[in-house]
Amino acid sequence: MPELPEVETVRLGLERSIVGKKITGIEVFHSRATNPKSIAPLDSLTGSKILSVNRRGKFLWMQLNRPEVLLAHLGMSGQFLVREKRSAPEKHLRVRINLNSKDFEVRFIDQRTFGWLSVDQSNAGIPNSAAHIALDIFDPNFNRESVKRDLLNRKTEIKRALLNQEIMSGVGNIYADESLWLAKIHPERECSGLTNGELDRLLDSAAAVMRAALKVGGTSFDEQYKNVNGESGYFDIELSAYGQDGEACSRCGSEIRRIAFANRSSHFCPKCQVKRESKRGIKRK
DNA sequence: AAAGTCTCCTGCTTGC
DNA sequence: TGCAAGCAGGAGACTT
């Protein structure tokens, strides 16, 4: 599942291979691959030159030598692959971006079809459809104090807030669980009940976990994520919480538990991540 | 307005 | 064996 480190890995890969190339045509093979909000057919970008590949949170876009950008989101299973033109089409090939290269092309492959591409207007370098997305923790303009203030004003569980891309972007279910485990914070703690120290620890943890994943090119647990060379995803990131229910916590040995959460699940260590009374910091158990 | 729920989708896993 | 239900989740529409 592509979260910030995976999307950044894809961005880096695309940047290395396609900046400076010209789009010579875009073929769309599945109706859901074009976001309904797209202001024009993808193929209308034919003739434009790719100036840069940018990212905010999990949103990815190509800046072109025209006002419009080519915006993309990988959703659950989207992949961008730089492939030899003559190589066989993948089973879930949704979009082909032809370039002025005799050797390769860019393919968007997506099994679960939650990913999409669109043509969008941009304002001050940010696509309109990504304008509501908050800065991610690696953005040079990321304002930690302002994010902490925002969190302290929320009457919701910290796990939900971490997944809310309008507070801080880039974190999905996997890195949310990993960050909370590293910071020793229970996913169901109310945001407004967290201390300044806990918030700092949590943000430090999120940055550390994602930086480590980025260092090895993004993590993955099935074949849904690949870098642009198509190298399949099993990198040596060791998960401490996500998907580890029934396993021993690597810190204390307790059994990692899984609880239902908003149509999905949270994984945490019941001993390391204790739910406290919000005001006084008294352990309930 | 904030917070919570539902929906889109495919393929794998589980259970009868 | 076969079929159906369950499960996974990003983000936006929708409801409370």
Side-chain angles (χ1 to χ4, degrees), chain A residues 1-8 10-11 28-38 55-61 71-80 90-95 108-118 120 126-136 147 149-180 187-194 206 210 218-226 232-234 239 241-246 258-267 278:
Chain A
M1 305 133 212
E3 301 179 32
L4 189 154
E6 292 75 26
V7 180
E8 175 63 10
V10 170
R11 190 197 69 78
V28 179
F29 306 112
H30 194 291
S31 60
R32 282 175 56 87
T34 305
N35 189 301
K37 285 185 179 171
S38 186
R55 181 186 61 75
R56 174 181 281 191
K58 305 170 199 168
F59 286 74
L60 192 64
W61 66 93
L71 178 65
H73 196 292
L74 302 179
M76 284 295 300
S77 54
Q79 308 168 15
F80 274 113
E90 290 74 9
K91 184 177 178 190
H92 301 293
L93 176 63
R94 307 302 189 201
V95 178
F108 182 70
I109 293 135
D110 188 15
Q111 177 197 107
R112 296 189 208 174
T113 69
F114 281 4
W116 49 261
L117 281 70
S118 73
D120 202 6
I126 304 297
N128 288 347
S129 300
H132 63 295
I133 299 298
L135 301 185
D136 60 68
V147 168
R149 270 198 304 278
D150 190 347
L151 287 170
L152 281 173
N153 285 320
R154 301 270 174 171
K155 291 257 179 288
T156 190
E157 298 168 1
I158 185 61
K159 169 81 182 267
R160 276 181 191 281
L162 278 177
L163 296 180
N164 182 342
Q165 305 297 301
E166 299 183 21
I167 302 173
M168 173 177 102
S169 68
V171 176
N173 206 36
I174 295 165
Y175 294 115
D177 282 359
E178 293 299 305
S179 304
L180 288 164
E188 293 176 329
R189 292 277 305 281
E190 185 179 306
C191 294
S192 61
L194 293 169
M210 291 197 290
T219 188
S220 182
F221 318 96
D222 48 34
E223 290 296 308
Q224 296 307 330
Y225 169 72
K226 295 184 179 184
S232 79
Y234 281 94
L239 292 173
Y242 182 84
Q244 304 301 299
D245 41 310
R258 176 183 139 176
I259 52 175
F261 156 78
N263 282 339
R264 51 211 62 177
S265 46
S266 289
H267 311 76
S278 57

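Chain A is the first sequence line, chain B the second, and so forth, proteins listed ahead of strands; every chain is numbered from 1.
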**Request:** Consider the side chain of Thr156(A), meaning its heavy atoms from C-beta on, and name the nucleotide among dA3(B), dT10(B), dA8(C) that approaches it most closely.
**Result:** dA3(B)
**Request:** Answer with base, sugar-phosphate or nothing: what part of the nucleic acid does Asp110(A) contact at a heavy-atom distance below 4.0 Å?
**Result:** nothing
**Prompt:** Hey, are the side chains of Arg32(A) and Asp110(A) touching, using non-hydrogen atoms and a 4.5 Å cut-off?
**Reply:** no
**Prompt:** So, Lys159(A) and Ser266(A): side-chain donor and acceptor under 3.5 Å apart, yes or no?
**Reply:** yes
**Message:** Between the base of dG10(C) and the ring of Phe114(A) - centre-to-centre under 5.5 Å, planes within under 30° - is that a stack?
**Reply:** yes
**Request:** Nearest whole angstrom, please: distance from the C1' of dG10(C) to the CD of Gln111(A).
**Result:** 15 Å
**Item:** Nucleotide nearest Arg154(A) (side chain, heavy atoms from C-beta), chosen from dG9(C), dA3(B), dA11(C)
**Value:** dA3(B)
**Request:** Using a 4.0 Å heavy-atom cut-off across all strands, classify Phe261(A) as base, sugar-phosphate, or nothing.
**Result:** nothing
**Whether Glu178(A) side chain and Ala241(A) backbone form a donor-acceptor pair below 3.5 Å** = yes
**Whole-Å gap separating C1' (dA3(B)) and CG (Leu151(A))** = 15 Å
**Request:** Determine: side-chain N/O of Lys91(A) to OP1/OP2 of dT10(B), distance under 4.0 Å, yes or no.
**Result:** no
**Request:** Let me know the distance between NZ of Lys155(A) and P of dA1(B), rounded to the nearest Å.
**Result:** 18 Å
**Message:** Return whichever of Asn153(A) or Arg264(A) has its heavy-atom-nearest nucleotide of DNA chain B closer to the 5' end.
**Reply:** Asn153(A)
**Item:** For atom OH of Tyr175(A) and atom C1' of dA8(C), their distance in whole Å
**Value:** 16 Å
**Prompt:** What is the distance from atom CE of Met76(A) to atom CZ of Arg112(A), rounded to the nearest 0.5 Å?
**Reply:** 4.0 Å
**Asked** Hey, what's the ring geometry for Phe80(A) with Phe108(A), parallel, tilted or perpendicular (30° and 60° as the breaks)?
**Response** tilted
**Prompt:** Within this structure, what is the CD-to-C1' distance between Glu166(A) and dA1(B), rounded to whole angstrom?
**Reply:** 12 Å
**Request:** Could you pick out which residue, Arg258(A) or His132(A), lies toward the 5' side of DNA chain C when each is mapped onto its nearest nucleotide?
**Result:** Arg258(A)
**Request:** Report the nucleotide, chosen from dC9(B), dG9(C), dT7(B), that has the shortest atom-to-atom distance to any side-chain atom of Arg32(A).
**Result:** dC9(B)
**Asked** Which listed nucleotide (dG11(B), dA8(C), dA11(C)) is nearest to the side chain of His92(A)?
**Response** dG11(B)
**Proximity to the side chain of Arg160(A) - top-ranked nucleotide from dT5(B), dG9(C), dC9(B)** = dT5(B)
**Asked** Once you round it to whole Å, what is the distance between C1' of dT5(B) and CG of Asn164(A)?
**Response** 15 Å
**Message:** Can you measure Ile167(A) atom CD1 to dA3(B) atom C1' for me and round it to whole angstrom units?
**Reply:** 11 Å
**Request:** Rounded off to whole Å, could you give me the CZ-to-C1' distance for the Phe59(A) and dA11(C) pair?
**Result:** 7 Å
